[in-house]
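Residue numbers start from 1 in every chain, and the chains themselves are labelled A, B, ... in the order their sequence lines are given, proteins ahead of strands. Values in this document were obtained by computation on a predicted structure and should not be read as measured data.
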Amino acid sequence: MLTIEGLRKEYGAVVALQGASLSLVPGTIHALLGANGSGKSTLVKMLGGVVRPTEGMIWVDEQRLETGSPAHAIHQGIAVSYQETSLVPSMSVADNLLLGIEPTGKAGYVARRAIRERAAEILDQLELNIPPDVPVAELPTNAQHLLEIGKALVKRPKYLVLDEATAALRREEVKRLFSIVCGLRDEGAAILFVSHRFDEVYAICDRATVLRNGAVVGTRSLSKTSREELIQDMIGQRISLEPVRQETGNSIKKQSLRLKARSLTNSELGGVDLEVSAGEIVGIGGLQGQGQTALLRALIGAILVRGDLETEGHRGLFRNPSHAAESGVRFISGDRGREGVFGQRSIYENIMIGRIATSPLWQRAWQRGKNRAVRDLVEQLKIVHHSLTQEVRGLSGGNQQKVLFARTLASRPNVVILDDPTKGVDVSTRMEIHRLLRSMAGAGVGLLIASSDDEELAGVCDRVLIMYEGRIVRELTGDLQPSHITKASIEGAQSEKGKGAETRADSL
Amino acid sequence: MAFTERVKQRLGQSSRNSLGIAVGVAVLLTAVGGAFNRGFVSPSNLLNLLAISSLLGLAAAGQTLVVLSGGEGIDLSIGAVISLSAVLTSQISNGQNGLLLPAVVVTLVVGVLLGLVNGLGIYLAQVPPLIMTLGMSSVIEGIVLVYTQGQPKGQAPPFLAALGTGQVLGIPWLIIVWAMFTLIIWYVLKYLVYGRLLFLVGDNRSAGRMSGVPVAKLVVGTYALSGFFSACTGILFLGYTNTTYLNIGDVYILPSVAAVVVGGTALSGGRGGYIGTVVGAILLTVLDSLLTTLHMGEATRGIINGVVLLVLLSIYTRQPKDA
Amino acid sequence: MRTRFSSNQTATRIFRSPAMIGWVLFLLGLVANAIVQPTLFKLSVINSNLGLAAPLVMVAIGQTAAVLAGGIDLSVGAIVTLTNVLVVSLCSFHHTGFWLAAILGVAAGIAVGVVNGFIISIVRIPALLVTFAMMSIINGVALAILPQPGGQIPADIYQIYGNTVAGLPFPLLLIIVGVLLWVVFRYRKIGRYLIAVGGAAGSSRANGIPVTKVRFQSYVLSAMFASLAGLFLTAEVSSGDPLIGASYALNSLAAVVLGGTALAGGRGSVSGSVGGALFLILVQNIVYFANVPSYYQTLVSGLIVVMGLATTGVLYARSGKWRLTNGR
Amino acid sequence: GTPTGKGTASSGGGSGKSFVIGVANGYIGNDWRTQMIADVQQVAKTYEKQGVISKLIVENANNDVTQQISQIQNMINSGVNAIMIDPVSATALVPAIQKAQKAGILVIPFDGVVNNPKVTNITTDQYSWAKGGAEWLADQLHGKGNIILMDGLAGVPAENIRAQAEQDVFSKYPGIHVLQKVFGGWAEATAEQKMTSLIATYPNIDGIYTQDGMGMGIVQAYTAAHKTPPLMTGDVTVGFFKYWTEHENSGFHSYVESNPPGIGATALEFTVNMLQGKKLKSSSIQANPVDTSETNTVLVKSPLTVTDSNLQQVWNSTMKGKPSSYSLDAWLTPSQVDAYFQ
Ligand SMILES: Nc1ncnc2c1ncn2[C@@H]1O[C@H](COP(=O)(O)OP(=O)(O)OP(=O)(O)O)[C@@H](O)[C@H]1O
Ligand SMILES: Nc1ncnc2c1ncn2[C@@H]1O[C@H](COP(=O)(O)OP(=O)(O)OP(=O)(O)O)[C@@H](O)[C@H]1O
Ligand SMILES: [Mg+2]
Ligand SMILES: [Mg+2]
């Protein structure tokens, strides 16, 4: 049994967590819920020893855990899959999986064969078909998240903590994960599960603790609690969970073409044709790793590609993202920390850059105080902050994501391309973002969204394109249902299996 | 607890505070000098110290931008570019005011071009800046040797010499020129798109790229600017010394980096500014002058210089603990 | 489904290995050198080249440790000097036996590494700054110990150094010992952790790796190799000089980069650095035997090195998806 | 490839032979050294025309001992007859030199010296050079006054010898008070900056003792401060001479003893003579100034001293019109060199 008693964490003036208590009972799965910035990750990091609490303590089986020491936490059987992952990108998959717990042989040398074998074992268990000696940096993000989970599992923990481990995963991967996790539970492990997805929580958790503004609102048994009650706990008010439907899109649809791509081809793409009209939201689905990310990057000129491209006032492929931005094509990366925010700079600057990124370098920049637009955007998106000059790295993940939206809105785009826009975003923020996407579309912007979440695609898109092995194999329109998209993804894969492989071989 | 946390945060994070500390230390060092020798704090010596700082300050201007641009930016070719610029201006102008303009134009163009080569090597060929600029530094030294055949000719035109050593109303022109440069750089960094983007891209280059910033132009351009400022420094340096010699710029290579860091600009990029460098340049000049005044032997000087630097840096470049 | 991963990956991976770049450069340099200097492969020529290369190789190995762990050590040159002046002045002016002097000299060098490591990892000041300041301090100390060049070590020591053992040049044996010494670290946890910490310190910490300790050790390692280099250099020159090590700081960094190690840390190899160091030594030979006129020598050797660096960079940029992660 | 001179390497004698001579110059980055190399090359040209020298190889090390050793080894490997070395270190080259000698190669360190009994160093007599200036200054000050010593670079052999001479002279005069000894690094700009601070700090400087390369920096510092420089020893560059000639009449007095870059050319004369088998007179060889226990050095006296009296003549005959960093130069003629030999 693991017990948390009055954990408190202050970052300067910010109180991230104010006296949280809960206990993890062996053989159960415990959910930790809360809006973005409510302190879930902070609590998780204290469990893992990465963050030292300002006050409070953690007991593991009647023994006090030495806080602030990851090594000690691991020793006590606590294994954590972190929200922002704890991988070393330059090291291989196998080395990452056993990082810190390498078996050593005679004379203190690391047993490399043993590492490979154990790595292969865990990769097998996760049904991850990647060779153990590839550097982690070369993997797509979802594979990285799976590895992060694998790294926790390989420790055979007594206490497994999963912080939004499923956020970057697709359905079938989540299913696989759950069967492993449930197996662990049945063997007597206690699991703390952090997620913004209610289906997942209801699917496997026994109890849920809800945090709001760093304080525990309460712990409830899930069998006796409705979603609405949980949401009320999380945000202190009732909201409707109806998906945002495509009200605006159809009316302007086909009015004017915002983006038209023809036969985009490179090592990961096998000739993709694509059109996005003004006011339209186009989704990109499919199984994991079918070239979705590559497609988005190819469109904005971030990776090399052949083919043709047309946007308003511009014809031809973009040389680089800046070139794309000049034509009003903006991108929001799925990798927020590395390609999204400027962590050490202020909220203000992070948003302002949307306006000035493509301005002539010797022009006067958009100045603070002169323009209320930034403040308005921050308010419109309800970004939780205490000052506009605050460093963005101090915001929670969800709020950082909103900053990226504010930046994009500030740039007055024609086309917005998004990779997993609501990854790790809480329910209410997610709905806000969906509404925002709709209202952008309503204003005539064309949107292209890749998402690992079929529910999201169904809820917000006018049209969904299914990708398989670097090509678009299906287009779904009309009344979109998450299950249709999932089904189409799998069917697409099966029906295309034979010829898909050939096409791909040709393109290599 | 909360208090120590806050103090730590202050010391660890805010560049404004490191600036305050640097100013404080500079004043303290001056006072110590004054205590040992009244002449040290005489107005004329203080002005002289400022004039000397101005050359270092100018040499460190490009360095500041390059460090701010991130990606472990640093420019060790500054010394060689200064030498080459002094040589070029001296040989082309040959001591004549009439030829000064073409000499300056050629020098500035060459400075910018060399900076461009640095930038391209760093950005396109991805050579680490430290090593790229070090290698370029030896290439440029080679160019100087070949160009001069070992003996630089000419001298500073009278106009330039007046700028380098003359005064107006008792204030050395150098200080005035430096003040102007400072004002311009400060304005550029604070108000122009270039400056704003430099800080952001310096903080996170990939994010800059993905948000549509022309990162290549910005980063390569920053190295070119560094070449430009080094060329300016070389020209003024020629005015200061009147005639030049082959390795005139060498003395500025490491101090220019030190001035930037002592001024509170983070070596990791994205945080800091030129005003800090100005203070850093003054601080280092005062320290050097103080050690001279205190009759330090060369061995002791090296030791004291290092210790002072360490102590200063430990006050404000301390990294926050990982937790 | 991931066909691209399984097909002949091992071959590509070896070719993509950063160490390759260092060795390719070295081989190119060797060929160029052999063309302009037909006597290159005579034993005595090899021997004298290796005698000069050994100290740089050692410093480069140590520097690799510091760089891999995400740091840098500018004080290695000063440590070389410190060991040199200590050993020589102990031998010549204090009548200490050579081996005792050698041990004391290396110990002093390591002590500098301990101080570096302490300030960098525990006080947490950026390595570039600490080791830069330390360079100034240690050079001062060396000047105080031996204010002007002088002193001698026993003649037999440098005769051994210049000789062959079992048909192999003695410096080559020393280089091999140095590499083996590195291997002892590399394939234990410490070697792995150097790379982990350099690659992602925060992640390493979360995985229970003692980041502070690893950083600390990287500077001790770097200093240890530097002081061994100081010892080898002393054997090569047989006397003391308070300015002798100045060039090693930047040369070792150049060797490390030429060897394909990322200055940002986390990626690279010692074998690459060895190749890089040898390449730098070869450049001097090439410039000599190619009859480059006096005033052009600096330019030509500078250009060769810059071109080597650019090649390294371009090859590196092309190897794998690093392009996207490197901030381009 | 580089020509080999193996045929003559073993003996180093046999007149009528044509020699390959290597020059391992420790540093090329300043004007004095480039002038030195130019002088060597100029003299070598004459010998090449006469067929005495078949090839001159000049290599520059970047103040880096190992690079210089490598160059010496390369010279050994390519079979030169003699190696002239302007050493980076007085001690560190000894093993390389011994290797060269074992290969029958004549080794002549010049400008700087090497501590090895078996070589013959050819160098300007730094001690008497520094002493001359110091004595002139003390004399002009009538043994009384506050002075500044602007020295070169700590830890360098020539500097240590000069410092010894300065101390020996000034300690004889109790009335002379050394306000401050600073190092200007033989760099004009550094000297200028240091001097600027000193002028402001000490209102009472009566005289300045300085060495080559820094005199003009001191003058610049005074000019910028709108002051006239006090009595000072000068430096050998055209820049300084120009100032001196222009201000001689407004009361500026100085003293310059040449420390000629031509020492390289002089050393080449010695080398050729020795290659041709001539032997030095025993009186020519004196104690090594760095390590007086060794007698292995030819101390070449400075060929020229300039004071107010011969200033105009020297200026007009050798300096006028040269680049400002050009140093007052001279080297021994073949007949002057002959006088050192048996
Ligand atoms: N290093 C830090 N410095 C300052 N404030 C921080 C830091 N880390 C977290 N915070 C603050 O602590 C609060 C809690 O953050 P935390 O990451 O725990 O939220 P979360 O519940 O995990 O949110 P999300 O669902 O978005 O991941 C936030 O308000 C955040 O701004
Ligand atoms: N380094 C590599 N070597 C070989 N193949 C690779 C490499 N990296 C990625 N791939 C392959 O390229 C394809 C596309 O990768 P990409 O990163 O675009 O995935 P993705 O569609 O973004 O996945 P998701 O969005 O679900 O995370 C994948 O099928 C993957 O197998
Ligand atoms: Mg979180
Ligand atoms: Mg993706």
Side-chain angles (χ1 to χ4, degrees), chain C residues 35-40 42 44-45 47-49 51-56 84 88 139-140 142-143 146-152 155 158-159 161-162 233-248 251 280-281 284-285 287-295 297-298 301-302, chain D residues 1-4 22-25 28-29 34 37-38 40-41 55-79 87-96 98-99 103 112-116 153-161 163 290-291:
Chain C
I35 291 171
V36 292
Q37 182 189 8
T39 57
L40 178 64
K42 270 172 57 183
S44 66
V45 177
N47 213 354
S48 57
N49 277 325
L52 286 169
L56 182 59
N84 170 261
V88 171
N139 279 332
L143 205 55
L146 191 69
Q148 57 174 304
Q152 275 287 311
Y158 75 91
Q159 273 154 16
Y161 186 78
L233 186 61
T234 307
E236 167 81 19
V237 303
S238 86
S239 64
D241 187 330
L243 302 173
I244 201 161
S247 62
Y248 283 99
N251 279 346
L280 285 177
I281 298 284
Q284 295 170 16
N285 288 349
V287 170
Y288 176 89
F289 285 99
N291 281 327
V292 178
S294 179
Y295 287 152
Q297 287 164 8
T298 318
S301 61
Chain D
T2 302
T4 56
V23 180
N25 173 29
I28 186 77
T34 52
I37 292 301
V40 172
Q41 281 167 333
K55 183 166 177 69
L56 185 79
I57 302 168
V58 179
E59 290 291 314
N60 311 303
N62 198 16
N63 250 342
D64 176 354
V65 174
T66 51
Q67 198 180 349
Q68 189 164 39
I69 294 175
S70 143
Q71 287 165 352
I72 292 171
Q73 282 174 351
N74 282 334
M75 288 176 184
I76 300 171
N77 292 336
S78 56
V88 173
S89 161
T91 53
L93 302 175
V94 170
Q98 286 173 345
K99 238 186 249 175
V113 295
V114 164
N115 298 357
N116 177 352
L153 212 59
V156 175
E159 176 60 49
N160 294 331
I161 302 166
V290 171
D291 180 352

At a 4.5 Å cut-off on heavy atoms, which part of N251(C) comes close to chain D: side chain, backbone, both, or neither?
side chain

Part of S301(C) lying under 4.5 Å from any heavy atom of chain D:
neither

Spatial distance of atom CD (Q67(D)) from atom CD (Q297(C)) [nearest 0.5 Å]:
9.0 Å

With side chain to side chain contact (heavy atoms under 4.5 Å, CB included) as the test, would you mind laying out the steps for K42(C) and N77(D) before giving the verdict?
CA-CA 10 Å; K42(C) 270 172 57 183; N77(D) 292 336; 5.9 Å; no

So which of S247(C), S48(C), G51(C) has the biggest tally of heavy-atom pairs under 4.5 Å with chain D?
S48(C)

Take N60(D) and S294(C) through the side chain to side chain contact (heavy atoms under 4.5 Å, CB included) test and state the conclusion after the steps.
CA-CA 7 Å; N60(D) 311 303; S294(C) 179; 3.0 Å; yes

D64(D) side, atom CG; Y248(C) side, atom OH - distance, nearest 0.5 Å
6.5 Å

Would you say N291(C) and K55(D) make side-chain contact, with heavy atoms under 4.5 Å?
yes

Tell me, side chain or backbone of L233(C) under 4.5 Å from chain D's heavy atoms, or both, or neither?
side chain

Pair count under 4.5 Å, heavy atoms only, with chain C: among S89(D), A96(D), P95(D), A61(D), highest is P95(D)

Donor-acceptor pair, Q284(C) side chain versus T66(D) backbone, under 3.5 Å?
no

Go through the steps for V237(C) and I69(D) under the test side chain to side chain contact (heavy atoms under 4.5 Å, CB included), then give the verdict.
CA-CA 9 Å; V237(C) 303; I69(D) 294 175; 3.6 Å; yes

Out of Q41(D), K99(D), M75(D), return the one with the most heavy atom pairs under 4.5 angstrom to chain C.
M75(D)

How many angstroms lie between atom OH of Y295(C) and atom CD1 of I28(D), to the nearest 0.5 angstrom?
5.5 Å

Could you tell me which residues satisfy side-chain hydrogen bond (donor to acceptor under 3.5 Å, both in side chains) with S239(C), sequence neighbours excluded, listed by chain and number?
T91(D)

Check for a donor-acceptor pair, side chain of N285(C) on one end and backbone N or O of N74(D) on the other, with a separation under 3.5 Å.
no

Part of Q73(D) lying under 4.5 Å from any heavy atom of chain C:
side chain

